[in-house]
Amino acid sequence: MNATSAAAASTETDRVIIFDTTLRDGEQCPGASMTFEEKLEVADLLDTMGVDVIEAGFPIASNGDFESVAEIARRTKRAVIAGLARAIPADIARAGEAVKHAQRPRIHTFVSTSPIHLEFQMRKTQDQVIDIITATVSQARNLIDDIEWSAMDATRTPLDYLVRCVETAIRSGATTINLPDTVGYATPSEYEAMFRNVRERVLDRVPNPEKIVFSAHCHDDLGLAVANSLAALAGGARQIECTVNGLGERAGNAALEEVVMAIRTRADVLPYQTGIDATLVTRASKLVSAVTSFPVQYNKAIVGRNAFAHESGIHQDGMLKNNTTYEIMTPDSVGVSKTSLVMGKHSGRAAFRDKLKALGYELGENALNDAFARFKDLADRKKVVYDEDIEALVDQEIAAAHDRMKLVSLSVIAGSHGPQRATMKMAVDGVVTTEECEGNGPVDAVFNCIKAIVPHAAKLALYQVHAVTEGTDAQAEVSVRLEEGDKAVTGRGSDPDTLVASAQAYIIALNKLQTKRQSLNAQAQPAAE
């Protein structure tokens, strides 16, 4: 092998495939549902930022999920598009149909392997599961060349049986083997050892072992998802499955931004590389937060508001002398720009467009016009307009762009002598209705108006307010969570008037709930890994 070939082989060996499951496992997080249009927007950004595999959804779950996977498959230019399927023939056929138009399609099928899952969920013997793996992986391989197989609850599966299942899957046609820590139970040393032991015992017994990629998929129940994912690399894994902001069931998944920046920042102990454009991770974080209405905690690693903030006097002194004293990454390396005050009520449309581009937004003409109109209104009401204000404004525009129900106007009478009263105009499918209601406080009066215009039985499970920026004229950002039976959705609204932001958040959540009602509930399916 010449020097060039050796270098290429080394690079390929050290390359980590980033598999993003925000649109599938991330959306299974209660309250984090996305509309068809929002999924397309997230998929476009994931493809642009260099994600290798986009798991676009669970096609059998509903017609809506099937259509979104199929459309993402048609329009994605670079990434592999995967559809998830249980080890059931109908699931696999549906997934194959959904991804078949992708330039690089993949079927990802899974089955439980741990004793507790086999006894209480599968109600199958070990031999029966082996037969299921053979039949379903073979079926998938006859439809699509690229097959990924997962051993659900791999970390609680006896090693000998896990090896047997993996070998069966490979011989049946799988080329990516995922060994997930489904319940977030493993520690890094255990997870690394599992990968090393399985690979050592399997790869010398199967054909074309050089084509087999092992994958890590970790949940964060003990706060170890990222640590376990990185430990899997030391055990020989070369694909990490993750989500933007660590979104996912229960405590979530390994966070894409944390995995990518850990590999990039600690190349001395993590000698790998990814194809991710890290300058887009902050934009991806904000987009996913906006479309799911799940706020990012302030102290979240990499993308949290405080990730590059320094308040301690000692820290500030060190930063002034040399920023490497307390920063191991630069803000611009993940796409964070410093707050600026360059926008105001006299700023024109061209300047607004340039500002959006600098903040990482690319809006179509209609969306730009709507956002600019809202910006001018905001600039008339606020003394100064910060970057965070513009981001909140545009993110809300994105989240509510296709909503059937919209707030038209709101006026509230409040004070120390009740009852408080709200008058609201609200458009539903273009038809404007006016309602006036009393309440136990102004927020209650506002929400009673919404209930009168759109009757529903959903319960308010969360109402949360915080300021977008500093100052008494700061925009309020309100989060509202509605629950109806086993369905939960979250809406987020922003406005200098807290009551208007509250109404917007409630209406956005109500739109999401209505969309969720109209589709089959994916959570009624047996839980995926």
Side-chain angles (χ1 to χ4, degrees), residues 31 290 293 295 370-371 373-382 389 392-469 471-484 487-517:
S293 296
D370 291 342
R374 291 192 64 209
F375 160 71
K376 296 295 280 188
D377 177 63
L378 179 64
D380 282 336
R381 300 163 69 189
K382 274 187 107 257
D389 288 315
L393 180 153
V394 178
D395 285 342
Q396 181 172 304
E397 194 74 31
I398 290 170
H402 304 281
D403 285 352
R404 296 178 55 240
M405 297 172 274
K406 293 180 182 290
L407 177 67
V408 176
S409 67
L410 175 68
S411 60
V412 181
I413 299 173
S416 58
H417 299 290
Q420 287 71 35
R421 179 172 290 276
T423 304
M424 176 183 291
K425 286 185 179 180
M426 184 173 159
V428 180
D429 292 329
V431 178
V432 178
T433 302
T434 302
E435 192 66 54
E436 185 174 338
C437 294
E438 293 183 350
N440 184 21
V443 174
D444 188 46
V446 169
F447 290 175
N448 284 341
C449 283
I450 298 172
K451 292 176 185 176
I453 296 171
V454 184
H456 60 277
K459 294 182 179 180
L460 179 65
L462 172 72
Y463 174 76
Q464 194 171 61
V465 183
H466 73 267
V468 173
T469 58
T472 57
D473 64 347
Q475 287 195 89
E477 191 167 69
V478 177
S479 295
V480 165
R481 184 170 182 175
L482 299 179
E483 293 181 353
E484 184 181 72
K487 297 182 287 292
V489 293
T490 306
R492 193 166 63 179
S494 59
D495 193 90
D497 188 314
T498 304
L499 296 174
V500 172
S502 300
Q504 290 171 339
Y506 197 108
I507 292 169
I508 288 171
L510 201 56
N511 275 289
K512 289 177 177 284
L513 187 61
Q514 189 171 72
T515 299
K516 204 161 190 174
R517 281 196 211 110

Please name the pair of heavy atoms, one in [X] and one in [Y], separated by the smallest distance, quoted to 0.1 Å.
X	Y	answer
C437	A452	SG-CB, 4.0 Å
E438	N448	O-ND2, 3.0 Å
A422	C449	O-SG, 3.3 Å
G493	A505	N-CB, 3.5 Å
A509	G491	CB-N, 3.6 Å

Qualifying salt bridge (charged side-chain N to carboxylate O under 4.0 Å, His left out) pairs, either residue in residues 442-460, two or more places apart:
none
Considering residues at least two apart in sequence or located in another chain, which fulfil the side chain to side chain donor-acceptor pair (under 3.5 Å) criterion with N440?
none
Who passes side chain to side chain donor-acceptor pair (under 3.5 Å) against E436, sequence neighbours left out?
R421
Rounded distance (nearest 0.5 Å) linking atom [atom1] of [X] with atom [atom2] of [Y]:
X	Y	atom1	atom2	result
Y506	N511	OH	CG	12.0 Å
K512	T490	NZ	OG1	8.0 Å
M405	L510	CE	CG	4.0 Å
Q504	R492	CD	CZ	12.5 Å

Those residues at least two apart in sequence (or on a different chain) that pass side chain to side chain contact (heavy atoms under 4.5 Å, CB included) with P442 are V412, A414, Q420, L499
So, the side chain of E435 versus the backbone of I453: is there a donor-acceptor pair under 3.5 Å, distance only?
no
Would you say D403's side chain and I508's backbone share a donor-acceptor pair under 3.5 angstrom?
no
Applying salt bridge (Lys or Arg N to Asp or Glu O under 4.0 Å), can you list everything that pairs with D377, at least two apart in sequence or on another chain?
R381
Using distance only, find each side-chain donor-acceptor pair of residues 423-434 under 3.5 Å and give its atom names and separation, not counting sequence neighbours.
residue, atom, partner, partner atom, Å
D429, OD1, R404, NE, 2.7
D429, OD1, R404, NH2, 3.3
D429, OD2, R404, NE, 3.3
D429, OD2, R404, NH2, 2.2

For residues 460-468, please give each side-chain donor-acceptor pair under 3.5 Å, one per line with the distance, not counting sequence neighbours.
residue, atom, partner, partner atom, Å
Y463, OH, S502, OG, 2.7
H466, NE2, E477, OE1, 3.0

